Amino acid sequence: MARRARAYWLFKSEPDVYSIDDLARDRRTMWDGVRNYQARNLMRDSMAVGDLGFFYHSNASPPGVAGIVRVCSAPYADPSQFDPASDYHDPTSRVDEPRWMLVDVEHVETFDAPVTLDTLKARAAELEGLMVIARGSRLSVQPVERAHFVKIAKWAGARTKV
DNA sequence: GCCAACGTTGGC
DNA sequence: GCCAACGTTGGC
């Protein structure tokens with residue numbers, strides 16, 4: 001039976017809002033609040049349980065890859081879209097036809113030191129096509145090529161087998 | 001369907 | 001706090 005190869009991702013979060021330390025404490029979390037169609041489509045259509053992702057700290061000092069997470073659920077409707085008290089409330093989304101989907105992710109590893117955006121840019125020649133170093137790339141959930149994921153994990157001294 | 005205006009992201 | 005880049009909205 002053909003098995004889908006593991007895919008690799010990058011999840012952005014502002015550490016002031018939710019950091020990898022928060023995820024390490026919680027063990028797993030809903031990746032909620034994504035309100036971009038491209039990012040939603042990746043979670044809804046392209047992720048599978050067991051995929052690995054980088055946890056990327058945006059709007060941080062310094063910004064960079066802080067560790068590794070694993071996708072640990074199938075996609076399902078983001079409950080925050082139906083919660084009037086949530087910042088992510090979307091009054092135009094219908095329960096019987098939810099607009100925003102998410103997956104759960106679990107903490108795998110926090111790097112001893114982040115691989116900073118500066119480092120990624122400095123080694124751009126080895127990371128051709130990596131979205132997070134592309135000009136103006138704002139997508140909050142991004143695909144990462146396996147070769148790039150392996151390299152960055154190695155630079156971080158990751159203990160996780162990727 | 002075009003595109004200007006607007007809001008958001010995110011590095012700096 | 002600034003602002004470039006980008007996505008979305010809405011008038012036409």
Side-chain angles (χ1 to χ4, degrees), chain A residues 7-26 29-47 51-71 75-105 107-145 148-149 151-158:
Chain A
Y8 298 86
W9 309 98
L10 180 147
F11 295 87
K12 285 185 191 172
S13 182
E14 302 187 25
D16 289 348
V17 177
Y18 194 81
S19 72
I20 195 165
D21 292 338
D22 293 323
L23 182 61
R25 177 200 62 211
D26 296 343
T29 193
M30 295 185 288
W31 202 260
D32 62 0
V34 171
R35 295 295 179 268
N36 169 281
Y37 290 106
Q38 210 178 334
R40 176 206 66 183
N41 293 348
L42 291 173
M43 291 198 286
R44 186 189 62 187
D45 305 331
S46 303
M47 289 191 186
D51 283 357
L52 295 182
F54 285 136
F55 194 113
Y56 180 87
H57 281 165
S58 62
N59 266 316
S61 355
V65 177
I68 295 177
V69 302
R70 184 184 294 113
V71 174
Y76 62 100
D78 180 343
S80 67
Q81 70 196 301
F82 304 122
D83 176 4
S86 170
D87 288 344
Y88 305 126
H89 182 226
D90 183 350
T92 67
S93 182
R94 292 164 35 191
V95 177
D96 58 341
E97 201 177 339
R99 173 169 303 160
W100 304 111
M101 306 292 281
L102 55 69
V103 296
D104 290 353
V105 302
H107 182 264
V108 175
E109 172 174 1
T110 300
F111 296 151
D112 294 337
V115 180
T116 65
L117 181 60
D118 272 354
T119 298
L120 297 177
K121 286 178 172 171
R123 309 187 72 158
E126 299 169 75
L127 300 170
E128 195 181 341
L130 183 69
M131 207 177 277
V132 77
I133 57 175
R135 183 168 70 70
S137 170
R138 300 189 333 190
L139 198 60
S140 64
V141 176
Q142 306 180 354
V144 176
E145 291 175 28
H148 293 164
F149 199 95
K151 278 184 204 173
I152 295 165
K154 187 177 174 190
W155 299 340

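All values reported here derive from a predicted model rather than from experimental measurement. Each chain gets a letter, A, B and so on, in the order its sequence line appears, and its residues count up from 1.
- A:Arg99 has a carboxylate O that lies under 4.0 Å from a charged side-chain N of A:Asp90, or vice versa, which qualifies the two as a salt bridge.
- Residue A:Leu139 contributes atom CG, which lies 13 Å from atom C1' of B:dG10 at whole-angstrom precision.
- Both A:Gln38 and A:Asn59 lie close to DNA chain C; mapped to their nearest nucleotides by heavy-atom distance, the more 5′-ward contact belongs to A:Asn59.
- Contact annotation: the side chain of A:Trp100 approaches that of A:Tyr37 to within less than 4.5 Å [non-hydrogen atoms, C-beta and beyond].
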Detail all sub-3.5 Å separations between protein N/O atoms and N/O atoms belonging to nucleotides 4-8 of chain B.
| from | atom 1 | to | atom 2 | distance (Å) |
| --- | --- | --- | --- | --- |
| B:dT8 | O2 | A:Arg138 | NH1 | 2.8 |

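- Using a 30° and 60° split on the angle between ring planes, A:Phe149 and A:Tyr8 fall in the tilted class, from 30° to 60°.
- Here A:Met43 contributes atom CE and A:Asp51 contributes atom CG; the two are 13.0 Å apart, rounded to the nearest 0.5 Å.
- The existence of a salt bridge linking A:Arg25 and A:Asp22 is confirmed by a sub-4.0 Å separation between a basic side-chain nitrogen and an acidic carboxylate oxygen.
- Contact between the side-chain N/O atoms of A:Lys12 and the OP1/OP2 oxygens of B:dG10 is found at a separation under 4.0 Å.
- With rounding to whole Å, A:Arg99 atom CZ is found 12 Å from C:dT9 atom C1'.
- Atom-to-atom distance recorded for A:Ser86:OG and A:Asp32:CG is 7.0 Å, nearest 0.5 angstrom.
- Taken to the nearest 0.5 Å, the CG atom of A:Leu130 stands 8.5 Å off from the CZ atom of A:Phe54.
- For A:Glu14 and B:dG10, the CD to P distance is 7 Å, given to the nearest whole Å.
- In this structure, CG of A:Asp16 is placed 14 Å from P of B:dT9, rounded to the nearest angstrom.
- The separation between A:Leu120 atom CG and B:dC12 atom P is 11 Å, rounded to whole Å.
- No option in A:Thr110, A:Val65, A:Leu23, A:Val108 other than A:Leu23 meets the side chain to side chain contact (heavy atoms under 4.5 Å, CB included) test with A:Phe55.
- Counting non-hydrogen atoms of neighbouring residues, nucleotides and ligands closer than 6.0 angstrom, the CD atom of A:Gln38 reaches no more than 12 such neighbours.
- Residues from residues 75-89 of chain A placing a heavy atom under 4.0 Å of any atom in DNA chain B do not occur.
- The CZ atom of A:Arg135 sits 14 Å away from the P atom of B:dC12 (whole-angstrom rounding).
- Rounded to a whole Å, the OH atom of A:Tyr56 is 8 Å from the P atom of B:dG10.
- Of the side-chain N and O atoms in A:Lys121, one or more sit less than 4.0 angstrom from OP1 or OP2 of B:dC12.
- One atom, CZ of A:Arg35, and another, P of C:dT9, lie 13 Å apart when rounded to the nearest Å.
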